[in-house]
Amino acid sequence: MAVFAVITARGPNWDRQRGIREQRAWAEHAAFADGLAERGVIVFGGPIGGGAEDDVALLAINATDERDGHEIFSNDPWTKNGVFRLKEVRPWIIWIDSRSAAHNQG
């Protein structure tokens with residue numbers, strides 16, 4: 001497995017009048033993402049600012065390749081309902097990760 005950076009963006013059914021947690025099928029999307037995190041697919045992630053207007057979140061995921069990265073989210077309720085889309089899936093080599101050092105010290 002390799003780590004990939006995933007940037008999600010607003011899809012055609014994103015309601016610009018609502019916040020992220022008010023979007024259609026939020027609870028289902030959150031449960032799906034939580035399941036990926038529990039299985040170790042999503043390493044970390046969350047909403048991202050400062051990028052393009054349509055950017056929603058940045059995630060680090062474990063996947064075999066970019067195609068697998070896309071496939072992982074194919075059953076996400078937000079993907080299926082057009083609330084968001086995968087904008088980019090790129091290989092990400094993480095050289096520095098203080099989380100692992102904190103675990104080793106405890």
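Keep in mind that the numbers below use all heavy atoms, side chains included, and drop hydrogens, waters and symmetry copies. Positions are given from 1, in the same order as the sequence printed here.
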Undergrad: Kindly give the cluster partners of Val43, where membership spreads through any ILVMFWY side chain lying under 4.5 Å from a current member.
TA: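 Hydrophobic cluster check, Val43: joined to Val3, Phe44, Trp92, Ile94.
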
Undergrad: Measure the CZ-NZ distance between Phe32 and Lys80 for me, rounded to the nearest 0.5 Å.
TA: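 Rounded to the nearest 0.5 Å, the CZ-NZ separation comes out at 9.0 Å.
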
Undergrad: According to the ring pair (Phe, Tyr, Trp, His ring centres under 6.0 Å) rule, which pairs have a member within residues 52-74, sequence neighbours left out?
TA: none

Undergrad: Between atom CG of Leu59 and atom CG of Leu36, what is the distance when rounded to the nearest 0.5 Å?
TA: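 If I round to the nearest 0.5 Å, the distance is 9.0 Å.
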
Undergrad: Is it true that a side-chain atom of Asn62 and a backbone atom of Gly40 form a donor plus acceptor pair closer than 3.5 Å?
TA: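 Side chain of Asn62 to backbone of Gly40: a pair is present.
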
Undergrad: Without swapping roles, check the side chain of Asp55 against the backbone of Ala52 for a donor-acceptor pair under 3.5 Å.
TA: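 Indeed, once roles are kept as given, a pair shorter than 3.5 Å links the two residues.
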
Undergrad: In terms of hydrophobic clustering (I, L, V, M, F, W, Y; side-chain heavy atoms under 4.5 Å; direct or indirect links), are Ile42 and Leu86 co-clustered?
TA: yes

Undergrad: In the structure I gave you, are the side-chain heavy atoms of Arg85 and Thr8 within less than 4.5 Å of one another anywhere?
TA: no

Undergrad: Does this structure show an ion pair linking Arg16 with Glu53, if we count only N-O contacts that are shorter than 4.0 Å?
TA: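 Between Glu53 and Arg16 there is a salt bridge, with a charged N closer than 4.0 Å to a carboxylate O.
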
Undergrad: Under the ring pair (Phe, Tyr, Trp, His ring centres under 6.0 Å) test, which residues partner Phe4, sequence neighbours left out?
TA: none

Undergrad: How is the hydrophobic cluster of Ile96 composed, in terms of its other members, when Ile, Leu, Val, Met, Phe, Trp and Tyr link through side-chain heavy atoms under 4.5 Å apart, directly or indirectly?
TA: Ile93, Trp95

Undergrad: Side chains of Asn81 and Arg24: any donor to acceptor distance under 3.5 Å?
TA: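 Yes, a side-chain donor-acceptor pair sits under 3.5 Å.
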
Undergrad: Give the minimum heavy-atom separation between Asp65 and Asp68, together with the two atoms involved.
TA: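 Closest approach of Asp65 to Asp68: OD1-N, 2.8 Å.
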
Undergrad: Is there a side-chain contact between Pro47 and Ile20, using heavy atoms and a 4.5 Å cut-off?
TA: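 Yes; the side chains approach each other to less than 4.5 Å.
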
Undergrad: I'd like to know if the side chain of Thr64 and the backbone of Met1 have a donor-acceptor N/O pair within less than 3.5 Å.
TA: no

Undergrad: Between Glu66 and Pro91, is there a donor-acceptor pair closer than 3.5 Å when you use the side chain of the first and the backbone of the second?
TA: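 No, the answer is negative, given that no donor and acceptor are paired below the 3.5 Å cut-off.
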
Undergrad: Rounded to the nearest 0.5 Å, what separates atom CZ in Arg67 from atom CD1 in Ile72?
TA: 13.5 Å

Undergrad: Apply salt bridge (charged side-chain N to carboxylate O under 4.0 Å, His left out) to residues Lys87 and Asp54 and explain how you reach the verdict.
TA: CA-CA 9 Å; Lys87 182 176 180 178; Asp54 67 339; 3.4 Å; yes

Undergrad: Any idea which heavy atoms bring Asn13 and Gln23 closest together, and the distance?
TA: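 That would be O-OE1, 4.3 Å.
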
Undergrad: Relative to each other, are the rings of Trp78 and Phe84 parallel, tilted or perpendicular (30° and 60° limits)?
TA: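 The arrangement is perpendicular - the two ring planes meet at more than 60°.
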
Undergrad: For Glu22, enumerate each residue passing the side-chain contact (heavy atoms from CB on, under 4.5 Å) test, keeping only those at least two apart in sequence or located in another chain.
TA: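 In terms of side-chain contact (heavy atoms from CB on, under 4.5 Å), with neighbours along the sequence ignored, Glu22 is linked to Arg18.
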
Undergrad: Output the rest of the hydrophobic cluster of Leu58: all Ile, Leu, Val, Met, Phe, Trp and Tyr residues reachable through side-chain heavy-atom contacts under 4.5 Å, sorted by chain and number.
TA: Ile7, Ile48

Undergrad: Please give me the minimum heavy-atom distance between Pro77 and Ala25, naming the atom from each residue.
TA: CB-CB, 4.4 Å

